[in-house]
Structure formats: C-alpha cells, structure tokens
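Heads up: numbering here begins at 1 and tracks the sequence. Scope of the values below: all heavy atoms of this structure, side chains included, with no hydrogens, waters or symmetry mates.
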Amino acid sequence: MPVLYTDANPKELVYVLEVAGYSSKSGHIYLPALTYIMQAEYLGIIYGISEYINICNKELEQRMYDFDQEASKATGESVYAKVSTPSGETPRPLPPPVAVRCDNEVVVRQLSKAGHIKSPDLRKLAMQVWKMTENLQVKFEWIPSEQDLAGKLLK
C-alpha cells in the first residue's frame, strides 16, 4: 500500500510519498508568514495527495498508451479512430488505496471525521481534502513523531 508521510511547521511543509515501483518522492515547500501550524499540516496532506494522484494518472496513461501502440501494431491501423465515447465517460481504474500518516493527532481525527473542525479556514481545507479523495480509498493514521519520515526532513 502506498504511504504518504506529512509534517509541517508555520514556515514550511514536507511530504514523503512511498509508492511501489517508484523511489520515494518528497516535496519541501516554504509557506507565507501568515500560515499557522494546523493550516500547514492540511496543506502538506493536500500537496502529497495531489502528487500521489499525478503519479497514478501518469502510470495509467502510460499503460493505456502502450496498450494502444500494441493494438495499432497488431491490426495495422490506429485504434484512436474506433473510440466511440468521450474520454470523460471512459471508465478508468481507481488508484490503489493510500495511507496518510501524520504526527498531528488532531488533524488525523478531523480528516477521519472523528473530530469537530471549529475553524472555518480549516473546514475549507478539510473539504478540499475530502473532495480530492472522494474516488480514492484513504486511511488517515496518527504516528509518533519519531516514525514520521517527513518530520525527519523538516528538522
């Protein structure tokens, strides 16, 4: 199962994405001075999930391209002319489930819908995470700071 580690402070966020078949991918983003810790934690999750979705889409598109190329070679004609439905309606397989691991227990509880989100700003960020993951199986997990790979890059 792919794993996304995130950690943040008010000045920067880090995410580490481990997906089978890829080397670990990490991002280090500096934040504006007005960001506070909870916003930064949410933003780290948003950036990491976006990267995961991009990796999955690139892999799927490459597999589809390879399949189309093989079909073209076998038949001697382009398979693109035979497509009868718009690509928006073409069923695509879903990415594999991902575990999001964070050392901020409050964020994990809120995104797991086990805790109340009082701040309107955080509620908007949580809604963005839920919207991004509505077609994706995500498990939000709290881990101690010592086990957070992103936290080791942040310090």
(request) Would you check if Glu105 and Val108 make a side-chain contact, meaning some heavy-atom pair closer than 4.5 Å? (result) no
Atom pairs and distances, donor-acceptor, side-chain atoms in residues 40-50, under 3.5 Å, two or more places apart:
unit_1: Tyr42; atom_1: OH; unit_2: Gln110; atom_2: OE1; d: 2.6
unit_1: Ser50; atom_1: OG; unit_2: Ile46; atom_2: O; d: 3.0

(request) Sequence neighbours left out, what pairs pass salt bridge (charged side-chain N to carboxylate O under 4.0 Å, His left out) with at least one residue falling in residues 126-135? (result) Lys131-Glu134
(message) To the closest 0.5 Å, what do you measure between CG (Leu122) and OH (Tyr36)?
(response) 4.0 Å
(message) Does any part of the side chain of Tyr52, heavy atoms only, come nearer than 4.5 Å to the side chain of Val100, both counted from C-beta?
(response) no
(message) Working to the nearest 0.5 angstrom, can you tell me the gap between Lys152 NZ and Gln147 CD?
(response) 8.5 Å
(message) Nearest 0.5 Å, please: how far is CG in Leu13 from CG in Leu154?
(response) 8.5 Å
(message) Is there a path of hydrophobic side-chain contacts, each under 4.5 Å between heavy atoms, that joins Leu125 and Ile29?
(response) yes
(request) Report the residues that fulfil side chain to side chain donor-acceptor pair (under 3.5 Å) with Tyr5, sequence neighbours left out, ordered by chain and then residue number. (result) Arg101
(request) Work out which heavy atom in Met1 is nearest to a heavy atom in Pro97; give both atom names and the distance. (result) CG-O, 3.5 Å
(request) Measure the SG-CG distance between Cys102 and Asn104 for me, rounded to the nearest 0.5 Å. (result) 5.0 Å
(request) Using side chain to side chain donor-acceptor pair (under 3.5 Å) as the criterion, list what pairs up with Glu12, not counting sequence neighbours. (result) His28
(request) Rounded to the nearest 0.5 Å, what's the gap from NZ on Lys118 to CE on Met38? Could you check? (result) 12.5 Å
(message) According to side chain to side chain contact (heavy atoms under 4.5 Å, CB included), who are the partners of Trp130, at least two apart in sequence or on a separate chain?
(response) Leu111, Lys113, Ile117, Ala126, Met127
(request) Mind checking the CG-CG spacing from Leu149 to Asp103? Nearest 0.5 Å is all I need. (result) 11.0 Å
(message) The criterion is side chain to side chain contact (heavy atoms under 4.5 Å, CB included); which residues satisfy it with Pro10, sequence neighbours excluded?
(response) Ile37
